[in-house]
Every structure is written in C-alpha cells, then in structure tokens.
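Before any comments, here is the structure.
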2 protein chains.
Amino acid sequence: MTFPTDRIGDTSGRDPAASSGGPGLPRRISTGQILRAAETVFASSGFGGATMAAIADAASLPKANLHYYFGSKEALYRAVLEDILSTWLADADVWIVAERTAREGLEGYIRAKMAWNRSRAEASRIFAGEMLAGGAHIKHFLNVELRAHVTRMETVFAHWIAAGAMRPISTQHLLFCIWAMTQSYADFAPQMESVLGRTDGLEAVDYALGCETILSLVLGGSGAVAVAGTYR
Amino acid sequence: MTFPTDRIGDTSGRDPAASSGGPGLPRRISTGQILRAAETVFASSGFGGATMAAIADAASLPKANLHYYFGSKEALYRAVLEDILSTWLADADVWIVAERTAREGLEGYIRAKMAWNRSRAEASRIFAGEMLAGGAHIKHFLNVELRAHVTRMETVFAHWIAAGAMRPISTQHLLFCIWAMTQSYADFAPQMESVLGRTDGLEAVDYALGCETILSLVLGGSGAVAVAGTYR
DNA sequence: GTCTATAGTAAGATAGAC
DNA sequence: GTCTATCTTACTATAGAC
C-alpha cells in the first residue's frame with residue numbers, strides 16, 4: 001500500500017533537528033503524537049465528525065503541524081488506518097497453523113483477538129467505522145491482504161476438518177463469527193455496559209466471561225471440544 | 001422517550017393540506033420521505049459525515065423543509081434512531097419465551113435477527129455507528145428498555161438451563177454474541193464481500209450459510225442441540 | 001406548507017513570520 | 001520545523017416571498 005506518509009523521504013537533507021537526537025527525531029515525535037491523537041478522535045467521532053482542530057488539541061500541537069506532516073485530513077485518516085491494518089492480521093499467523101491442534105489454535109486465536117480488541121479498542125472502532133461507511137479506504141487491504149490471509153487459514157481449517165478435529169462447517173463464516181464476537185467487546189461496549197450495569201467501563205471480569213462464552217460457542221459448536229453432559 | 005417529532009401535535013388547526021387526503025397527510029408524506037433519506041445518508045456517512053444537503057437531495061426536497069419538520073440535524077438524527085429502536089426489541093418477545101423449547105426459541109430468534117439485519121441493513125449500521133460513538137443519543141434506551149428486555153430474557157434462559165435444555169453459560173454474554181454475529185452481516189458486509197469474492201453485495205446464499213453457521217455455534221455451543229459425531 | 005436566498009459559522013487548508 | 005493569522009469553502013440554520 002502507498003500512503004501520503006511515504007513523503008517522509010522527501011525531506012532528506014533539510015531537517016534541522018536531525019542533529020539533536022538522531023535523524024528525523026522531532027518528526028517521529030510529532031507524527032507519533034498526531035497519530036495517537038487522531039486515533040482517539042477518529043474513534044469517538046468517526047471520520048466525518050472528527051475535526052483537525054480537535055485532533056490538534058488532543059495532540060497539543062497547532063493545526064498547521066498536522067497539515068505539515070500529513071497534508072490533509074484524508075491522508076491523516078489513511079495513515080491511522082494503515083497503522084491499524086498492519087497489526088490486524090498478526091494473530092492468525094501465530095495460532096491458525098497446522099502444527100497446532102484445532103482446539104489449541106482456535107482458543108489461542110480467540111484469546112489473542114480479545115486481547116487486541118481490548119488493548120486497542122479505539123483502533124477496533126475506527127476499523128468498524130470504516131466498514132460501516134463501505135470500506136472504500138481499505139478496499140485494497142480487504143481484497144488482497146485479508147483475502148489471502150483467509151485463504152491461508154482455510155487450508156489449516158481444512159486440515160483440521162479432514163483429521164476429524166472439527167465439524168465440517170463453513171470456515172469463512174466461522175471466521176466472520178469469531179471476528180464479530182471478539183470485535184463487539186470493543187465496538188459495542190456501551191451496549192454491554194448498560195446491560196451489565198457498569199457505569200465506569202467494562203471490567204476485567206466482563207472480558208474474561210465474554211471470552212469464555214465465545215470459546216464455549218466456537219469450540220463447542222465447531223466440535224473442537226466435546227460438550228460435557230447431555231442437553232437437548 | 002421524547003423526541004422533537006413530538007411537536008407534530010403543535011400544528012393542529014393550521015395545516016392547510018388537511019383537506020386533501022386526511023389530517024396532516026402532506027406532513028406524513030414529507031416526514032416519511034425525509035426519514036427514509038436520512039436513514040440512507042446517516043448509514044453511509046455517519047452523523048458527522050452526513051449533511052442536511054445530502055439528505056435533502058436524497059429526499060428530493062429543499063433543505064429548508066428538513067428544518068421545518070425536524071428543527072435541526074440533531075433532532076432529525078434522533079428521530080431516525082427512535083424509528084430504529086422501536087423495532088429492535090420486537091423479535092425477542094416472540095421467540096425467547098418459556099413456552100418454547102430452547103432449540104426452537106434460539107433458532108427462531110437468530111433467524112429473525114438475521115432477517116432484520118438483512119432487510120434493515122442501513123438501520124443496523126446507524127445503530128452500530130451510534131454505539132461506536134459512545135451511544136450518548138440512546139443512553140435511555142440502553143439503560144432502561146434494553147436492560148429490562150434482557151432481564152426478561154434471562155428468566156427464560158434460566159428456565160431452559162434449569163430444565164437441562166441448555167448448558168449453564170452466561171446468558172448475558174450469549175446475547176452479546178448472538179447480536180454481534182447477526183449484526184455483523186449488515187455492519188461488516190464489505191469485509192465479507194471481499195473475502196467471499198462478491199463484487200455486487202452479499203447474496204442470499206451468503207446470508208443462509210451465515211445463518212446456519214451461527215446456528216451451529218449457538219445451538220451446538222450452548223448444548224441446545226447435540227453435536228453429531230465425535231470430534232476432538 | 002414549500003421553496004429561494006442568505007446569514008452566520010465552523011472546518012480544511014495555506015501563507016509567511018520566526 | 002513550528003506556529004499565528006487568515007483564506008476559502010461548505011455547512012447548519014433561518015428569513016421571508018409565494
């Protein structure tokens with residue numbers, strides 16, 4: 001993917017701060033501040049609702065600096081998305097691999113996804129918001145990277161199913177379900193807080209119980225673990 | 001809940017169109033046009049990204065009419081939300097009732113939720129967007145109506161669990177999972193389209209297979225139906 | 001009730017001093 | 001590289017003719 005942040009290279013040779021702490025240090029500090037602030041503001045207001053002024057305030061920098069580093073609101077948004085997408089696929093490569101058992105792989109993947117959505121709730125919300133808006137900014141990611149990623153995972157699932165470690169269910173839709181359930185603990189937190197009576201955000205026990213519930217459904221429903229007892 | 005649309009009553013006696021097809025007919029026609037257009041625009045752009053001009057265009061009406069009927073963008077948004085929330089709770093009262101079996105109730109509820117999310121995908125996206133933004137506009141719905149609704153459903157689940165028709169899992173989190181999975185077929189459609197290689201929207205078979213997958217996980221994972229065969 | 005024209009304001013973006 | 005001041009546009013909202 002190519003993003004406006006690529007123009008970082010354009011300034012070589014005219015960075016006066018390069019002598020005070022390493023090459024492009026102030027730039028890295030400022031862009032980092034801006035990206036973090038932008039993630040917070042885009043997460044709570046959406047792309048349309050966010051303003052450069054609000055992001056500048058959150059970053060404790062003048063508005064002009066945002067344009068200096070990122071060019072436009074649109075470009076800043078793309079840079080934030082880029083940051084998010086680069087970590088979105090990581091967990092699967094660790095857990096959904098043929099060397100693991102179905103149970104171990106699915107459990108590890110779900111726990112990793114839950115942890116990601118909890119620690120990067122704002123990133124999760126930006127990703128969700130982009131999807132709600134049609135995903136136009138991340139079409140390449142969805143059509144190329146994500147699709148290849150899923151194709152690879154499917155071969156592992158096929159292996160597990162052939163080995164009798166999983167029921168023959170649609171592994172594409174299984175993934176959609178896992179993503180939906182884990183993401184909802186970031187994206188739909190207000191709903192959960194109301195239902196659970198939490199006035200100060202979800203608590204550790206909520207994430208834990210949520211994770212166990214998701215594991216019950218996925219592992220039990222996919223046949224990766226036997227459901228204890230007789231129910232009907 | 002009280003919303004600006006309540007001022008519909010304020011105009012009694014000064015509606016010149018009352019004589020051409022019933023009381024307030026033009027008003028009902030215009031407000032209906034506006035609400036439908038607003039749902040489309042708010043769904044694809046979010047509250048902040050939507051503009052009154054875009055909604056007016058979609059409704060084929062001048063911008064001023066929107067303000068005449070709804071007062072402000074904020075009030076129009078609340079009216080749209082009100083419209084959505086009034087139908088969100090309906091399915092549970094039909095399906096999650098003690099007179100049904102766990103299997104029948106859960107299956108009917110999930111199928112109904114899938115149908116709602118498919119037929120009212122834009123409404124689903126607005127609801128999701130509102131949640132991403134923190135849910136400030138629907139706090140009363142979440143804290144009062146939804147919470148009471150869940151409390152009632154929990155008594156039915158407790159009944160099913162006591163009867164040995166379901167495993168003793170967290171029924172609150174079970175609901176979160178069901179909502180997350182069914183909603184994602186509206187909210188995350190772009191992601192699914194990319195993975196499934198659909199260039200022209202999700203197809204009927206996708207919703208059907210998604211529904212079966214969710215049913216497998218929920219019914220199998222909750223113990224409401226036995227998982228056929230031996231897997232491990 | 002409907003619509004055009006416009007007021008008033010807020011937002012994205014830039015110029016230019018330092 | 002940083003920041004203040006400002007340009008320009010686009011938006012919400014309203015006034016007032018019809």
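Protein chains get the first letters and strands the later ones, always in sequence-line order, with residue 1 at the start of each.
The stretch residues 39-50 of chain B does not touch DNA chain C, since none of its heavy atoms comes less than 4.0 Å from the strand.
The side chain of A/R27 has D/dG1 as its nearest neighbour among C/dT4, D/dC11, D/dG1. Counting only heavy atoms from C-beta on, B/L61 has its side chain closest to C/dC3 among C/dC3, C/dT2, D/dC3. With distances taken from any side-chain atom of B/Y69 to the nucleotides C/dT2, D/dG1, D/dT12, the minimum falls on C/dT2.
Using cut-offs of 30° and 60° for the angle between ring planes, the A/W88 and A/F141 rings count as perpendicular. Using cut-offs of 30° and 60° on the angle between ring planes, the pair B/H137 and B/Y77 is perpendicular.
The phosphate of D/dG1 (OP1 or OP2) has no side-chain N or O of A/S30 nearer than 4.0 angstrom. Between C/dG1 and B/N65, no contact under 4.0 Å exists linking OP1 or OP2 to a side-chain N or O.
For residues 114-139 of chain B, the set of pairs meeting the salt bridge (charged side-chain N to carboxylate O under 4.0 Å, His left out) definition, not counting sequence neighbours, comprises B/E39-B/R120.
Considering only heavy atoms from C-beta on, B/Y207 stays 4.5 Å or farther from B/N117 through its side chain.
Remark: aromatic rings of B/F188 and A/F176 are distant, center separation not under 6.0 Å.
Between the P atom of C/dA11 and the CD1 atom of A/I55 lies a distance of 12 Å, rounded to the nearest Å. Nucleotide D/dC3 holds its P atom 13 Å from the CG atom of A/D57, rounded to whole Å.
For the atom pair A/Q191 CD and A/L196 CG, the distance stands at 10.0 Å (nearest 0.5 Å).
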Starting at the 5' end of nucleotides 13-18 of chain C, put B wherever the base has a protein heavy atom under 4.0 Å, S where only the sugar-phosphate does, and a dash everywhere else.
-> BBB---
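Figure legend: cation-pi geometry between A/K113 and A/Y185 absent, as NZ or CZ is not positioned both under 6.0 Å from the six-membered ring centre and within 45° of its axis.
Checked for salt-bridge contact, B/R78 and B/E82 miss the test: no charged N lies under 4.0 Å from a carboxylate O.
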